[in-house]
Engineer: 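Below is the structure I would like to discuss, written out as structure tokens.
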Amino acid sequence: MDDLSKTRAAEKIEDLRTQIRRHEHLYYVLDMPEISDAEYDELVANLRKLESQYPELITRDSPTMRVGGQVAPSFKEVKHITPLLSLGNVFSAEEVRDFASKVHSGLPEGTKVEYVVEPKIDGLACSLIYEKGRFVRAATRGDGTVGEDVTNNVRTIRSIPLTLQLAPGERAPELLDVRGEVYMPRRAFMRLNAERVAAGEPEFANPRNAAAGSLRQLNPQITEKRSLSFFAYAVGLGAQESHAESMEMLAKYGFRVSEGWQKAKNIEEVWQLIEKHEKVRASLAYDTDGVVIKVNTVWQQNMLGATGKDPRWAVAFKFPPEQAETTVEDIILQVGRTGVLTPTAVLTPVRLSGSTISRATLHNEDFIKEKDIRIGDRVVINKAGEIIPEVLWVVFEKRTGREKEFTMPATCPECEWPVVRREGEAASRCTNPHCPALGREGLIHFVSRDAMNIDGCGPAVINQLIAAELVKDPADLYLLQKEQLLNIERMGEKSAENLLAAIEESKKQSFDKLLFALGIRHVGAKVARILALQYGNIDTLRQASAEELSAIRDIGPKIAESVVSYFAVPSNQDLLYRLKKLGLNMEMKGIAGTDTSHPFYGKTLVFTGTMPTLDRATAQTMAQDVGAKVSGSVSKKTDYVVAGAEAGSKLTKAQELGVKVIDETEFMRLLQQ
Ligand code: IVH
């Protein structure tokens with residue numbers, strides 16, 4: 001290799017990394033981007049390109065290395081350097097004053113105490129370790145003493161710097177233990193739940209649970225997709241003389257620190273800040289469940305110490321949850337795309353947390369029984385996790401005796417087929433595979449934005465098309481004629497033409513989108529893409545066995561079973577046959593992002609041993625992204641074995657079978673083509 005050009009490449013790489021880090025900080029931490037997403041993407045693409053030419057120059061803290069790391073069988077345990085404390089709770093102004101008097105009595109007489117007040121973010125606590133300015137490990141709180149190693153997942157959180165930002169000439173601390181809250185912004189939470197509904201998966205109850213579930217993913221690539229964020233709120237090891245100074249230091253190092261933190265000279269000022277936070281919390285991009293009050297000076301903190309797991313120098317003031325009382329006018333059943341009947345309370349409309357609520361989910365039969373909710377009851381509702389309205393309890397004192405108990409009907413309200421509840425399941429389902437609700441909800445899903453993306457075809461239009469008996473299943477959409485549409489109420493010449501054009505346009509939608517649109521249970525957008533890339537076309541996919549499917553990364557036995565059963569149903573086979581004849585796209589060929597002439601396209605690769613710079617998961621994803629299949633075992637069908645150090649039996653087998661063996665450099669060279 002030409003040393004001069006390598007030196008130049010190294011400089012260029014460092015320069016790109018510095019620029020990218022700066023822009024990530026501007027975008028994710030300061031919320032003040034200076035360049036467009038496209039310009040940012042280009043910087044990253046340039047860096048990736050250089051790094052792939054010089055893989056030996058890749059370092060673990062490069063901005064390209066956020067996603068990677070092995071899919072682990074479980075999380076390792078990590079002992080915290082100093083324990084992660086929890087907080088005692090207070091709920092009133094009086095209790096806040098009590099807290100202050102205890103602080104004063106624990107300190108030398110006449111000591112001036114300053115406080116810091118900051119929002120209490122509803123997520124989960126994490127400790128981040130930096131050695132010589134580099135991020136090396138992250139752990140969850142666990143029991144406070146021992147947590148779980150979530151390093152690879154935390155690395156995907158863009159608001160967390162992988163390298164501390166230092167002023168010119170400034171030296172990084174030997175060891176820094178940053179503490180803070182990993183959380184999911186409200187918008188990301190809503191998007192995630194919408195995706196889960198579309199995939200027939202259960203929703204997360206609130207952003208906190210969603211954040212916890214996403215951080216504790218064994219596959220960092222899933223965590224990456226979840227748009228988690230992080231607020232730093234303390235320093236374990238490496239703290240300054242006061243909490244405020246530590247917060248300033250954290251901000252300077254490039255962290256997002258709890259927004260709106262402020263100093264208070266006395267407990268009256270503390271109370272004013274609490275009231276201020278309570279006013280703004282509804283408008284924040286994330287959930288808060290209170291504020292944290294902290295004694296600012298570190299020596300005072302140390303002197304006060306802790307009782308058990310709660311420090312005496314800090315306390316959480318919890319906001320009262322927003323609640324409202326209203327009447328259950330009716331309990332109706334909604335039949336979802338998967339046939340599950342969800343009981344929903346129809347409420348007398350009531351204002352709550354800035355919106356009007358007229359429905360609340362009752363989840364299932366057991367929920368209604370446990371809370372003894374009846375039609376006509378006065379109930380107290382709140383918004384769980386600030387978002388989904390939920391019935392908290394019945395105001396039994398207000399019962400008149402005229403309330404009606406709810407019973408799950410024996411038959412489906414849509415089709416009158418029997419409803420069953422399988423043993424061990426809370427959900428009741430309609431047993432009719434052709435229940436009109438399934439057809440309707442399935443169609444609504446089929447045309448939705450992330451699926452076939454047919455503009456101007458919302459639920460109302462779908463309902464009209466069904467009512468007019470023009471459409472029964474997705475294939476019927478493609479047979480619609482303009483004259484038929486004109487008979488539909490509120491459908492003019494122009495809108496009919498637009499709708500037909502949008503339907504026609506959707507034929508070009510990529511195969512993975514179509515696969516997602518079919519609404520196969522457990523096949524969300526991401527799984528659909530994996531399957532589409534792996535199998536390339538519908539005919540190969542439908543011949544795959546459950547065993548073969550579940551050998552694919554990210555595809556579990558439940559998904560595999562579901563895919564196989566979908567293709568086994570004759571009416572599904574018929575639908576696919578018709579869709580194909582109508583000209584829908586049933587293969588990945590020619591789709592942006594996959595180049596069929598790529599040397600790895602459609603080839604089967606097996607990775608073995610440890611590669612010098614690439615980590616296995618990253619390499620596998622790169623290969624899959626260009627259309628390769630990654631397999632775990634070597635056979636005659638294997639095209640390449642990518643072997644690293646200490647490759648064992650797979651390498652031997654490849655040599656026996658005469659399968660081509662390549663190393664990391666060759667792999668990267670071919671990948672670039
Ligand atoms: S300080 C002694 N500050 O609340 C220091 N905690 O209920 C302990 N939390 O485990 C934590 N926002 O996960 C602190 N600004 C904030 C916080 C915060 C959220 C969480 C944290 C803690 C829990 C205690």
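Atoms within a ligand are numbered from 1 in the order they appear, just like the ligands themselves. Hydrogens, waters and symmetry mates play no part in the numbers below; they use all other heavy atoms, side chains included.
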Engineer: Under 6.0 Å between the ring centres of Phe99 and Trp313?
Structural biologist: no

Engineer: Testing the 3.5 Å rule here: is there a donor-acceptor pair between the side chains of Ser229 and Ser159?
Structural biologist: yes

Engineer: Is the distance between the ring centroids of Tyr40 and Tyr27 under 6.0 Å?
Structural biologist: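 That pair fails the under 6.0 Å test.
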
Engineer: Could you verify whether a donor N or O on one side chain and an acceptor N or O on the other, from Thr64 and Glu51, lie under 3.5 Å apart?
Structural biologist: yes

Engineer: Does ligand 1 have any N/O pairs with the protein under 3.5 Å, and how far apart?
Structural biologist:
unit_1   : atom_1 : unit_2 : atom_2 : d
ligand 1 : 3 (N)  : Lys294 : NZ     : 3.0
ligand 1 : 4 (O)  : Lys120 : NZ     : 3.3
ligand 1 : 7 (O)  : Lys120 : NZ     : 3.3
ligand 1 : 12 (N) : Ile121 : N      : 3.1
ligand 1 : 13 (O) : Glu181 : OE1    : 2.6
ligand 1 : 13 (O) : Glu181 : OE2    : 3.3
ligand 1 : 13 (O) : Tyr233 : OH     : 3.3
ligand 1 : 15 (N) : Glu118 : OE2    : 2.7
ligand 1 : 15 (N) : Pro119 : O      : 3.2

Engineer: Which one of Glu248, Glu114, Glu118 satisfies the side-chain hydrogen bond (donor to acceptor under 3.5 Å, both in side chains) criterion with His243?
Structural biologist: Glu118

Engineer: For Glu241, what residues pass the side chain to side chain contact (heavy atoms under 4.5 Å, CB included) criterion, not counting sequence neighbours?
Structural biologist: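 Glu241: side chain to side chain contact (heavy atoms under 4.5 Å, CB included) contacts with Glu245.
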
